Protein chains: 2
Amino acid sequence: MYNSHKIGALIILISITITHMQSSKKEGYFNPGVTVDVAIFTIEDNTLKILLIKRANEPFKGTPALPGGFIHKGESSLETAERILADKAGVKNVYIEQLYTFDESERDPRGQIISIAYFALVPREKLGIHEGSRTENPEFVSVENLDKLAFDHKKIIAYALKRLGDKILYTNIAYSLLPQSFTFSQLQKTYEIILGAPIDKRNFRKKFIQLDMIEETNEKLTGKRQRPAKLYRFKKKMPEKLKRFF
Amino acid sequence: MYNSHKIGALIILISITITHMQSSKKEGYFNPGVTVDVAIFTIEDNTLKILLIKRANEPFKGTPALPGGFIHKGESSLETAERILADKAGVKNVYIEQLYTFDESERDPRGQIISIAYFALVPREKLGIHEGSRTENPEFVSVENLDKLAFDHKKIIAYALKRLGDKILYTNIAYSLLPQSFTFSQLQKTYEIILGAPIDKRNFRKKFIQLDMIEETNEKLTGKRQRPAKLYRFKKKMPEKLKRFF
DNA sequence: CCAAAAGTGTTGACTGTACACCCATGT
DNA sequence: ACATGGGTGTACAGTCAACACTTTTGG
């Protein structure tokens with residue numbers, strides 16, 4: 001049996017050390033917890049959807065939340081985000097960028113924990129079958145009807161939506177939501193969904209051709225009871241700024 | 001004299017505790033160090049300048065660096081940035097926004113330490129006299145000729161410059177670099193310095209008036225051996241997006 | 001032959017860009 | 001009187017925004 005006297009001393013020592021680490025050191029700093037949360041978007045059934053999980057643990061156990069987790073030792077936050085993307089959405093090599101770091105003090109009931117938020121876009125076709133990963137049950141839900149979310153995740157999503165809406169206007173990131181080849185209608189729909197407004201078909205085509213981001217393939221989409229649509233592809237599938245605005 | 005046996009035990013205990021805090025816990029996460037670095041810009045002598053200090057401690061002792069520091073307990077990163085701004089530049093209530101979080105693993109020789117970078121703009125007139133704060137000697141240097149900097153601070157500055165150049169085109173943040181009232185020439189010069197290119201005087205005036213960001217004061221700037229210039233002021237001194245682009 | 005979406009041009013308003021001269025003051 | 005930066009207008013080209021009809025297919 002343990003000597004309780006020694007254990008008492010041990011506990012005091014550990015407490016002192018933890019306090020020391022968290023709040024003082026000689027410069028007076030401490031290390032907040034660092035997590036990464038990822039806003040993963042896709043387009044499905046003509047709506048913009050985001051991947052949410054149900055929290056398996058406290059705090060907010062059972063509440064929908066963005067997939068996320070703590071940074072592991074030796075891992076950059078981008079690597080953490082990519083790990084989450086692989087674990088929760090089953091995808092790799094998709095569009096991803098850092099969004100913002102959220103660190104308001106009341107955001108996590110466990111104390112001072114910051115979240116480096118990332119923002120990812122995945123074409124529907126790339127998404128694996130949802131492996132009902134334990135109790136978390138990750139699924140894509142429409143961004144229209146989001147209930148109460150854990151932490152400040154509603155705020156993070158709002159920020160991500162703003163970024164997406166801005167960025168689709170001056171970059172080519174739309175490629176990351178569309179399949180390899182697509183019709184002009186699909187492309188236009190993507191813009192309309194993200195911008196939340198209808199666009200004139202003729203003007204859209206003109207503008208897009210002028211922007212020089214896409215090219216025709218030799219194929220057409222047949223099998224619908226209508227005139228077959230030409231299929232297009234993006235010339236480049238790497239993020240870049242446009243010279244002109246959309 | 002201390003009992004060396006007890007001290008040995010103490011050291012082992014502390015080591016165990018630190019290791020425990022940093023790398024394991026039951027979920028397998030750890031807390032990287034979290035610092036804040038601030039890119040503080042101003043315009044002086046017709047150049048864009050940034051505030052640099054000389055590092056007082058290792059690593060990179062004596063090397064120029066962005067002013068920065070660890071987050072204190074209970075402080076948000078924004079508050080940390082504002083504290084740095086007050087301590088190193090002697091200003092409060094200036095334009096500040098979060099820039100990006102840098103966390104590539106090789107950025108700090110001490111180990112895994114992330115930097116939440118902020119970006120601030122200060123009108124020259126607001127800056128206090130440089131209090132030769134110890135050995136750090138903060139001073140504004142032209143962004144044109146930056147030598148070797150500590151850590152990845154060159155990268156951070158490059159990122160900040162890009163952000164500034166972008167943002168001056170679609171927001172009214174120029175107000176945060178100019179004095180209360182200013183001439184059209186001063187305003188134009190500000191844009192030219194940031195964009196790094198000359199602008200046609202007539203077109204600049206037309207565009208700016210159309211953007212409706214500024215208004216005339218009743219005063220003129222006299223005392224120069226030339227026609228007195230009308231003084232203008234910004235209508236709003238809060239950051240906002242423009243409806244049209246500059 | 002009908003329904004459905006694909007595909008295409010023109011016009012008028014507005015915005016961007018290029019460019020050169022007169023004005024008011026201090027010295 | 002002259003040097004210095006302050007201040008203004010016009011013309012052409014390009015872009016934006018609004019709008020309606022024909023084409024090609026499958027059923």
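Since this is a predicted model, take the numbers as computed values, not measurements. In the text below, chain A, chain B and the rest are named by the order of the sequence lines, each starting its count at 1.
Residue B:Asn203 contributes atom CG, which lies 9 Å from atom C1' of C:dC19 at whole-angstrom precision. Per the geometry, CG belonging to A:Leu242 stands 14 Å off P belonging to D:dT15, to the nearest Å. Residue A:Gln188 contributes atom CD, which lies 13 Å from atom P of C:dA5 at whole-angstrom precision. At whole-Å resolution of the value, CG in B:Leu231 and P in C:dA24 are 18 Å apart. Rounded to an integer number of Å, the gap from B:Leu187 CG to D:dG7 P is 12 Å. The distance between atom CZ of A:Arg227 and atom P of D:dC21, rounded to the nearest whole Å, is 18 Å. Across the protein-nucleic acid pair, A:Leu211 atom CG and D:dT15 atom P stand 11 Å apart, rounded to whole Å. Straight-line distance from the CZ atom of A:Phe204 to the P atom of D:dA18: 16 Å, rounded to whole Å.
Taking the six-membered ring where the residue is Trp, A:Tyr232 and A:Phe184 present perpendicular rings, their angle passing 60° and hence far from 30°.
For A:Lys224, the NZ atom counts as loosely surrounded, since its 6.0 Å shell holds 12 or fewer non-hydrogen atoms of other residues, nucleotides or ligands.
A donor and an acceptor atom, one from each side chain of A:Asp103 and B:Ser76, are nowhere located under 3.5 Å apart.
Within the nucleic acid shown, B:Ser185 comes within 4.0 Å of sugar-phosphate atoms alone, with no base atom in reach, counting heavy atoms only. Counting non-hydrogen atoms under 4.0 angstrom, A:Lys206 reaches a base of the nucleic acid. Contact annotation for B:Arg205: base contact, defined as any heavy-atom pair under 4.0 Å involving a base atom.
Ionic pairing of A:Glu240 and A:Lys236 is present here: one or more N-O contacts between side-chain nitrogen and carboxylate oxygen are shorter than 4.0 angstrom.
Minimum atom distance to the side chain of A:Lys207 is reached by D:dC16, of the listed D:dC16, D:dC19, D:dG5. Comparing atom distances between the B:Asp200 side chain and each of D:dC16, D:dA17, C:dC19 picks out C:dC19 as nearest. In the set D:dG5, C:dC19, D:dT25, the nucleotide with an atom closest to the side chain of A:Pro228 is D:dT25.
You'll find a donor-acceptor pair under 3.5 Å spanning the side chain of B:Arg202 and the base of C:dA20, going by distance alone. A donor-acceptor contact under 3.5 Å is formed by the side chain of A:Lys201 with the base of C:dG7. One cannot find a donor-acceptor pair under 3.5 Å joining the base of D:dT25 and the side-chain atoms of A:Lys230.
The nearest heavy atom of DNA chain D to A:Phe245 and to B:Tyr232 marks one nucleotide each, and the one closer to the 5' end goes with B:Tyr232. Comparing A:Arg225 and A:Lys220 against DNA chain C, the residue whose closest nucleotide sits nearer the 5' end is A:Arg225.
Remark: B:Lys207 qualifies as a cation-pi partner of B:Phe246 under the 6.0 Å distance and 45° angle criteria applied to the six-membered ring.
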